[in-house]
There are 2 protein chains.
Amino acid sequence: MATRTRHPERRQEPLSRERIVDAAVELLDTVGESGLTFRALAERLATGPGAIYWHIAGRAELLAAATDAVVAPALDAADAADATPQEAIRTLAGDLFDAIDDHPWAGPQLGRAPAPPPLLRILEGIGRQVQALQVPEAAQFTAACTLLNYILGVAGQNAANTGTVQPGTDRAEFLDAVATTWARLDPDQYPFTRTVAGQLRTHDDREEFLAGIDLILAGITAGR
Amino acid sequence: MATRTRHPERRQEPLSRERIVDAAVELLDTVGESGLTFRALAERLATGPGAIYWHIAGRAELLAAATDAVVAPALDAADAADATPQEAIRTLAGDLFDAIDDHPWAGPQLGRAPAPPPLLRILEGIGRQVQALQVPEAAQFTAACTLLNYILGVAGQNAANTGTVQPGTDRAEFLDAVATTWARLDPDQYPFTRTVAGQLRTHDDREEFLAGIDLILAGITAGR
DNA sequence: GGGCCAGCTGGAACGGCGTTCCAGCGAACC
DNA sequence: GGTTCGCTGGAACGCCGTTCCAGCTGGCCC
């Protein structure tokens with residue numbers, strides 16, 4: 001690994017898994033998941049597709065590695081020792097939300113792969129706090145999974161929305177367009193959706209997401 | 001549409017959007033999302049790829065239509081008038097779970113497309129019951145979205161799991177394998193996950209899912 | 001009844017993708 | 001100094017979604 005050469009630099013930085021994953025994240029952030037192409041990646045790295053395969057098994061592994069790279073910081077954030085379990089879960093979820101918000105393509109990837117490290121680490125992080133909440137052991141798994149699945153749902157949905165939106169339009173326009181669509185729905189078929197359409201315009205995704213977390217936490221602690 | 005010929009039958013059933021979508025669902029159920037190919041579909045329909053495009057705009061629309069076809073029955077199930085809102089939500093969620101369980105490829109599709117009918121219909125169905133729960137108006141949107149996102153999370157996760165599993169292995173083997181993996185994790189890094197690993201072996205996905213619904217419902221009604 | 005026309009068909013072709021293959025290069029080791 | 005081996009990168013393969021278009025066919029008008 002740590003090969004040393006007497007020459008001050010190689011004619012260019014050698015390929016490495018890390019450099020490839022970094023480039024992949026940049027590409028994904030710029031042009032979305034469908035834009036991550038071995039050819040485009042090779043061009044960005046000034047090499048050919050074949051060289052990349054020496055370091056990474058295929059597209060699936062590349063996506064998993066990129067997701068891991070982007071989500072890991074949120075999971076590494078040390079849990080402040082003086083926080084309540086509720087606060088710790090809110091912080092973890094909020095950090096995760098920010099990471100997915102910055103890199104929407106990572107949302108749907110969170111749950112993929114046979115034993116994806118990110119998924120397990122999220123479950124573990126949540127589970128510990130659930131234990132700290134004094135939830136009876138038989139209910140801990142359900143409580144942690146409910147929170148996890150809610151987070152995964154929001155993560156995936158975030159990705160679907162940002163995929164829809166035109167790169168040009170900003171967030172307010174987008175919300176306004178959706179709200180208008182909802183308000184025009186058939187009153188007989190969609191009474192509820194029409195009622196809440198107005199709330200869309202002023203809502204904040206992150207706060208809404210955390211309000212959902214609080215709702216589930218309330219349910220977890222409801223029976224004492 | 002209803003063209004009549006004097007001949008007892010046309011040499012073959014004419015193509016139609018419905019016939020195409022039906023064939024697509026069969027293909028998806030058999031070989032998964034990556035197996036849905038315009039060529040394979042054309043072969044199954046004894047035609048060429050070009051003919052399909054006369055009825056359907058592209059792969060995305062085909063997937064959306066297939067998802068709709070598979071999920072619609074669960075949403076059409078008339079809500080029994082004498083059920084409590086909680087029961088109604090449990091029934092809706094359970095029906096949805098069964099549909100996704102039978103057609104895992106549909107899970108990740110639920111949230112796609114600009115204004116996907118299935119998503120809105122689920123939100124509407126949940127929202128009405130949330131209103132019936134006497135949730136204050138300002139909190140209705142959050143409550144309904146939390147339930148919706150949880151459902152979407154489970155749906156997506158279900159798809160990821162069934163995608164991983166070998167077609168040969170059955171469910172018990174799969175759970176056992178995951179439980180074993182979890183039990184072997186580093187005790188320092190994954191104390192919680194290790195503790196709950198054993199529960200995996202005896203757990204029932206559907207019951208677990210509904211327990212999560214109940215948890216959220218408890219949170220919604222916790223503050224009265 | 002004969003010609004026209006529009007709806008519909010299906011096969012060929014295009015560009016691009018993930019992936020594989022392999023000839024070759026340069027540094028490190030005997 | 002020769003050999004070896006980790007690594008490179010360009011060419012090629014097979015498959016994909018999609019487009020194009022020549023042609024069929026069945027209903028309509030003259």
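Every chain is numbered from 1 and lettered A, B, ... according to where its sequence line falls, protein lines coming before strand lines.
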Pairing residues for A:Arg194 by the side-chain hydrogen bond (donor to acceptor under 3.5 Å, both in side chains) criterion, not counting sequence neighbours: none

salt_bridge(A:Arg128, A:Glu124) N-O dist < 4.0 Å: yes

With B:Ala42 via side-chain contact (heavy atoms from CB on, under 4.5 Å) - residues at least two apart: B:Thr47, B:Pro49, B:Ile52

Gap between atoms CZ and C1', on B:Arg59 and C:dC17 respectively (whole Å): 13 Å

Nucleotide C:dT9, atom P - distance to CD1 of B:Ile52 in whole Å: 10 Å

Euclidean distance, atom CZ of residue A:Arg44 to atom P of D:dG9 [Å, nearest integer]: 17 Å

Rounded distance in Å - CG (A:Leu15) to C1' (C:dA27): 17 Å

For atom CD1 of A:Ile56 and atom P of C:dT20, their distance in whole Å: 14 Å

Member of B:Asp29, B:Asp98, B:Thr67 meeting the side chain to side chain donor-acceptor pair (under 3.5 Å) criterion with B:His103: B:Asp29

Pairs involving residues 26-73 of chain A, ordered by first then second residue, that meet ring pair (Phe, Tyr, Trp, His ring centres under 6.0 Å) (sequence neighbours left out): A:Phe38-A:Tyr53

Listed partners of B:Arg121 passing side-chain hydrogen bond (donor to acceptor under 3.5 Å, both in side chains), at least two apart: B:Asp76

Separation of atom OH in A:Tyr53 from atom C1' in D:dG10, rounded to whole Å: 15 Å

Pairs of donor and acceptor atoms involving the side chains of residues 207-215 of chain A, under 3.5 Å and at least two apart or interchain, shall be tabulated with distances.
from	atom 1	to	atom 2	distance (Å)
A:Glu208	OE1	A:His203	ND1	3.3
A:Glu208	OE2	B:Thr142	OG1	2.4
A:Asp214	OD1	A:Arg90	NH1	3.1
A:Asp214	OD2	A:Arg90	NH1	2.5

Proximal nucleotide (of C:dT9, C:dT20, D:dT8) relative to the A:Thr47 side chain: D:dT8

Interatomic distance where CG belongs to A:Leu62 and P belongs to C:dC17 [whole Å]: 14 Å

Whole-Å gap separating C1' (C:dC8) and CZ (B:Arg19): 13 Å

Phosphate-side-chain proximity, A:His55 and D:dT8, N/O vs OP1/OP2 below 4.0 Å: yes

Residue met sooner reading DNA chain C from 5', once A:Ala57 and B:Trp54 are mapped to nucleotides: B:Trp54

Sub-4.0 Å heavy-atom contacts from residues 28-42 of chain A onto DNA chain C, ordered by number: A:Leu36, A:Thr37, A:Phe38, A:Arg39

